[in-house]
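Beneath this line is the structure, given in structure tokens, with notes to follow.
Scope of the values below: all heavy atoms of this structure, side chains included, with no hydrogens, waters or symmetry mates. Every chain is numbered from 1 and lettered A, B, ... according to where its sequence line falls, protein lines coming before strand lines.
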Protein chains: 2
Amino acid sequence: MVKPIATRNLHGQVIHELGRLIVSGEIKPGQSLPREELLAERMSMSRTALREAMKVLSAKGLIESRQKTGTRVRETIHWNQLDADVLAWRCESMPTEDFVEKLVEMREIIEPAAAAAAARRRTAEQLVAVEAAYEAMAAARNLDEWTAADLAFHEAVLHATNNELMISLFSVIETALGTYFALSASTASNFKYSLPHHQKVYEAIRRRQPEMARQAMQKMVADSRSNIRRHRKAKA
Amino acid sequence: MVKPIATRNLHGQVIHELGRLIVSGEIKPGQSLPREELLAERMSMSRTALREAMKVLSAKGLIESRQKTGTRVRETIHWNQLDADVLAWRCESMPTEDFVEKLVEMREIIEPAAAAAAARRRTAEQLVAVEAAYEAMAAARNLDEWTAADLAFHEAVLHATNNELMISLFSVIETALGTYFALSASTASNFKYSLPHHQKVYEAIRRRQPEMARQAMQKMVADSRSNIRRHRKAKA
DNA sequence: TATGAGGTAAAAGTACTACAAATAGACGGT
DNA sequence: ACCGTCTATTTGTAGTACTTTTACCTCATA
């Protein structure tokens, strides 16, 4: 689930490093990178490996290379913002407040719709997966177990939509939940408070009640949104 | 807007070629590619260029390379289905009926929500962009002009949400509209029939009426969905 | 027979070099 | 002042050599 990012490869490290620099804004759009030969030398690596890393970044829409001109960082409009790596890099360097808002907004749009679709089309096996995740949440004895089960729950719901485009949005939910747990770590005491919400969603999906599922999920996300707000105020 | 796909680079071509083969299912998940040296020779290119192409595909989650084992196609779950290229490759080899359904479902979820958000948060400039696109649709004198303006309209709405995660979903809308026009080409005569829908959306965004915008957009998408259905039946 | 240590080879990963292709920008001619 | 041409710079491609990882085979041992 959560990838180790061990990335022991050389270009893996470089992808990560450059990606983070760009996404965090330390290298701004329009700005151009040193030419390959020089950059490779500066990072003490071969041009070959560097180029492979750059290809990956360009695949994610972060950079663009042209002969003679060199390589420049593209406008944020062109970034694959939904790419798991891009999202992760964005969160690494302290997610800004408004980014968290945007993540929550996405959840509010995606998840209720997904829950409804799941209630409509889920197979028996997919229901089992949702149930299993719910049970794991109920049984969780610490925050780690809870977060793992929580993620599994939301992923199972997305899978139950039987729409792979939907499933690909899991990267967003994953990131959103990740930052949520990071922000509301204070609630480590009663981390299970949202269990009833999850139960309602699960029940609605089981009973094939799309509208019920939508509303339950909507409440859950709205609740977690207000929770973040509360936490932020408490800290301010 | 629509990228030329000229992709004169060698590895650009290879990315496209391999990507299409994988996404279309001609090379199935789990299956492994010939080893780099051999594949490079078979495609009459250098290993260097081939590897750069493969890095891009692995960045999109399509393949995975490990030493000794070789390179294998990953399960579809891991594909970045929302990536513009992946979507395009998928449509190139005859989009299946259920894929079109999934695209429409995504539109039904995303666009009404986007319209509502745009009505809430659009700036003056963003409104101008939406208006300009609408005017262009009204002024369109042939199908090409219409499709271009239509795309611009939907893109402008997404931009007006001021949420870049939302904006990244434009690739999905673009693909959906593309296949829509491809399918309902028969309506080339009265291609402007959906103009009133667009007007309502535009008006609601102008007047900052989120719920109105949501409903108008919802109707628009629902209408185009039923239009596809009708067309399919007519053909069958 | 099972099991585990160790060796081997095969494939990807990295490095270096050389050259090709494109093109921004300078140069020069009209 | 304009327009073609030339040049230098930077990415793109190729080829080769070597390194690292690791699946799998071998064989000794329990």
Side-chain angles (χ1 to χ4, degrees), chain A residues 3-19 21-22 27-75 78 85, chain B residues 3-19 21-22 27-75 78 85:
Chain A
K3 58 190 159 186
I5 316 186
T7 188
R8 45 199 169 295
N9 304 5
L10 181 49
H11 53 245
Q13 293 171 30
V14 176
I15 290 166
H16 188 86
E17 192 173 331
L18 285 178
L21 281 173
I22 293 170
I27 310 180
K28 292 200 169 56
Q31 206 167 336
S32 61
L33 276 55
R35 52 180 235 269
E36 294 178 348
E37 194 182 349
L38 209 148
L39 187 55
E41 187 191 19
R42 195 177 299 175
M43 302 183 110
S44 52
M45 65 192 300
S46 74
R47 219 187 121 202
T48 314
L50 175 63
R51 278 180 59 83
E52 288 179 5
M54 305 231 289
K55 279 289 156 200
V56 170
L57 295 178
S58 90
K60 295 182 188 302
L62 298 186
I63 61 177
E64 189 176 33
S65 302
R66 262 168 25 204
Q67 283 174 191
K68 177 73 185 181
T69 315
T71 304
R72 11 182 57 207
V73 177
R74 299 184 74 186
E75 295 300 321
H78 301 107
D85 292 320
Chain B
K3 58 189 159 186
I5 316 188
T7 187
R8 45 199 169 294
N9 305 6
L10 180 51
H11 54 246
Q13 294 170 29
V14 176
I15 290 166
H16 188 87
E17 193 173 332
L18 284 178
L21 281 172
I22 293 170
I27 310 179
K28 293 202 167 55
Q31 206 168 337
S32 62
L33 275 56
R35 51 181 236 269
E36 294 178 347
E37 193 182 350
L38 209 149
L39 187 56
E41 187 191 18
R42 194 177 300 175
M43 301 182 113
S44 51
M45 65 192 299
S46 74
R47 216 188 124 202
T48 313
L50 174 64
R51 277 180 59 82
E52 289 180 4
M54 304 231 290
K55 278 290 156 198
V56 170
L57 294 177
S58 90
K60 295 180 189 301
L62 298 187
I63 60 177
E64 190 176 33
S65 302
R66 266 177 12 215
Q67 284 173 187
K68 176 74 183 179
T69 315
T71 304
R72 5 182 61 206
V73 177
R74 299 184 74 187
E75 295 299 321
H78 300 107
D85 292 321

TODO: May I ask you to verify if any side-chain N or O of B:Ser46 is less than 4.0 angstrom from the OP1 or OP2 atom of D:dA14?
DONE: yes

- [ ] Find which nucleotide of DNA chain C each of A:Arg66 and A:Ala49 is nearest to by heavy atoms, and output the residue with the more 5' nucleotide.
- [x]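 It is A:Ala49, whose closest nucleotide lies nearer the 5' terminus.
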
How close or far is atom [atom2] of [N] from atom [atom1] of [X], stated in whole angstroms?
X	N	atom1	atom2	result
A:Asn9	C:dA15	CG	C1'	15 Å
A:Arg35	C:dA24	CZ	C1'	16 Å
A:Met45	D:dT19	CE	P	18 Å
A:Glu36	C:dT17	CD	P	16 Å
A:Arg47	C:dC16	CZ	P	13 Å
B:Leu50	C:dA11	CG	P	15 Å
B:His11	D:dA14	NE2	P	11 Å
A:Glu52	D:dT13	CD	P	13 Å

Open item on the list: I'd like to know if A:Gln67 reaches the base of C:dT23 with its side chain such that a donor and an acceptor end up less than 3.5 angstrom apart.
Closed with: no

Task: Residue pair B:Lys55 / A:Val56: nearest heavy atoms and the distance that separates them - done: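 Answer, listing the atom of B:Lys55 first, then A:Val56: O-CG2, 3.7 Å.
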
Task: Minimum-distance pair of heavy atoms, taken over all atoms of B:Thr71 and B:Met54 - done: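 Smallest heavy-atom distance, with atoms named: OG1-CE, 3.7 Å.
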
Open item on the list: Within the 4.5 Å heavy-atom criterion, are B:Leu33 and B:Val73 side-chain neighbours or not?
Closed with: yes

Open item on the list: Measuring only between side-chain heavy atoms, which start at C-beta, is A:Glu17 closer than 4.5 Å to A:Gln13?
Closed with: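 With C-beta onward as the side chain, the pair stays apart.
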
Task: Nearest-nucleotide 5' precedence on DNA chain D, B:Ser44 against A:Glu37 - done: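 With B:Ser44 and A:Glu37 compared, the 5'-side residue is A:Glu37.
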
- [ ] Using heavy atoms to find the nearest nucleotide of DNA chain D for A:Thr48 and A:Thr71 separately, return the residue whose nucleotide is more 5′.
- [x] A:Thr71

